[in-house]
Amino acid sequence: MAQPLIAVSTDVRCLCKTDWHATPQQYLDAAIAAAGVFPLLVPCFGRRLDFDRLAAAVDGVLVTGSGSNVHPSLYGGDAGELNGPYDPARDATTLPLIVRAIDRGIPLLAICRGIQELNVALGGTLATEIQERPGSLDHRAPQGVSRSEQFAIKHKVMMMEDGCLREIVGADEIKVNSHHRQAIDRLGERLKIESVAEDGTVEAVSVNYASAFAVGVQWHPEYWSASDEASARIFRAFGDAVRGHAAARSNT
């Protein structure tokens, strides 16, 4: 079967005094190699984009991680500089795209910032600087080391017994990497917790009663999708769902 198309979120970055709309290559590599899909980058133009047209053209949505945070004004948080940096153009694009995907039954995989966007899009809130909470693990990546060391698999997450993610990874617990300062606080409507860290941090969610694959993870399976079986299984499950959606559309 031909590679089905998926929409992939981007960030706005200033390079050479020019704004670029881009996403890290590791997500694209995982989409192609592990999920077997054709990633198309969605520029961050918010309401200037026809999201219904986009949703009609793709069979999946991948919402990537980022160095920026969801703007707190979208969930009633503190919009101070310490909770940044922000990318409001991305927020204006990813949140409506997430809602369209869920409403139209388009397979959705949301990673790191993506799970936080999924939570906010469905009415949830975010906790900031979670490493400062009593008893919390430090979920931030170490500084001054190589990129592979920053994304090293380092802590356990436990799967919910009745969750779809437990079935996908084929284990009660797995070890994952960690690269974030924020996490889900109040759970968004329709979201179900799929996994938690040892300190109780929500590490994965799914959308209750979704008509298609709709999963968010706080860690970075894209980085190790070529060598870590649990990471590969997440992308394979997403790819299978995308192909299923494409096949169903071709039969209508």
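Remember, predicted model here, so these are calculated numbers, not experimental data. Both backbone and side-chain heavy atoms feed into the values below; hydrogens, waters and symmetry mates do not.
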Can we say [X] and [Y] salt-bridge, meaning some charged N sits less than 4.0 Å from an Asp/Glu carboxylate O?
| X | Y | answer |
| --- | --- | --- |
| Asp103 | Arg100 | no |
| Lys156 | Glu203 | no |
| Asp228 | Lys175 | no |

[atom2] on [Y] to [atom1] on [X], rounded to 0.5 Å:
| X | Y | atom1 | atom2 | answer |
| --- | --- | --- | --- | --- |
| Ser195 | Arg166 | OG | CZ | 12.0 Å |
| Met159 | Leu165 | CE | CG | 4.5 Å |
| Ile153 | Ser227 | CD1 | OG | 6.5 Å |
| Thr201 | His155 | OG1 | NE2 | 7.5 Å |
| Ile32 | Ile6 | CD1 | CD1 | 9.0 Å |
| Phe38 | Asp59 | CZ | CG | 13.0 Å |

Linking I/L/V/M/F/W/Y whenever any side-chain heavy atoms sit under 4.5 Å apart, do [X] and [Y] land together?
| X | Y | result |
| --- | --- | --- |
| Val196 | Leu191 | yes |
| Ile115 | Ile193 | yes |
| Leu109 | Val42 | no |
| Leu28 | Val217 | yes |
| Val157 | Phe151 | no |

Return yes if some donor-acceptor pair links the side-chain N/O of [X] with the main-chain N/O of [Y] below 3.5 Å, else return no.
| X | Y | result |
| --- | --- | --- |
| Ser9 | Thr64 | yes |
| Asp11 | Arg13 | no |
| Arg47 | Ala92 | no |
| Trp219 | Val176 | no |
| Asp172 | Met158 | no |
| Glu117 | Val70 | no |
| Asn83 | His71 | no |
| Arg186 | Gly123 | yes |
| Asn119 | Leu187 | no |
| Tyr27 | Gly65 | yes |

**Message:** Regarding Ser146 and Ser148, do their side chains bring together a donor and an acceptor under 3.5 Å, going by distance alone?
**Reply:**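 Judged by distance alone, the side chains do not pair up.
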**Message:** I'd like to know if the side chain of His220 pairs up with that of Glu222 as donor and acceptor (distance under 3.5 Å, no hydrogens or angles considered).
**Reply:**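 Yes, side-chain donor-acceptor contact under 3.5 Å.
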Is the shortest side-chain heavy-atom distance between [X] and [Y] below 4.5 Å?
| X | Y | value |
| --- | --- | --- |
| Leu54 | Leu49 | no |
| Val12 | Arg90 | no |
| Leu97 | Val61 | yes |

Looking only at non-hydrogen atoms, find the nearest pair between [X] and [Y] and report the distance.
| X | Y | result |
| --- | --- | --- |
| Ile168 | Arg233 | O-CD, 3.2 Å |
| Ala34 | Phe235 | CB-CB, 3.6 Å |
| Arg243 | Pro4 | CG-CG, 3.9 Å |
| Asp185 | Ala127 | CB-N, 3.5 Å |
| Gln150 | Val145 | CG-CG2, 3.7 Å |
| Ala30 | Ser225 | CB-OG, 3.4 Å |

**Step-by-step salt bridge (Lys or Arg N to Asp or Glu O under 4.0 Å) determination, Glu229 to Arg236** = CA-CA 10 Å; Glu229 180 61 17; Arg236 287 201 297 264; 2.7 Å; yes
**Item:** Sole candidate of Asp91, Asp87, Asn69 that passes side chain to side chain donor-acceptor pair (under 3.5 Å) when paired with Arg113
**Value:**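 Of the listed residues Asp91, Asp87, Asn69, the side chain to side chain donor-acceptor pair (under 3.5 Å) partner of Arg113 is Asp91.
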**Message:** Would you call the rings of Phe238 and Phe213 parallel, tilted or perpendicular, taking 30° and 60° as the class edges?
**Reply:** tilted
**Prompt:** How are the rings of His21 and Phe45 set relative to one another: parallel (under 30°), tilted (30 to 60°) or perpendicular (over 60°)?
**Reply:**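 It falls in the parallel class, under 30°.
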**Asked** side-chain contact (heavy atoms from CB on, under 4.5 Å) with Leu118: which of Val215, Thr94, Ile102, Val63?
**Response**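 Of the listed options, the one satisfying the test is Ile102.
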**Request:** Please check if atom CD in Glu167 has more than 12 non-hydrogen atoms from other residues, nucleotides or ligands closer than 6.0 Å.
**Result:** no
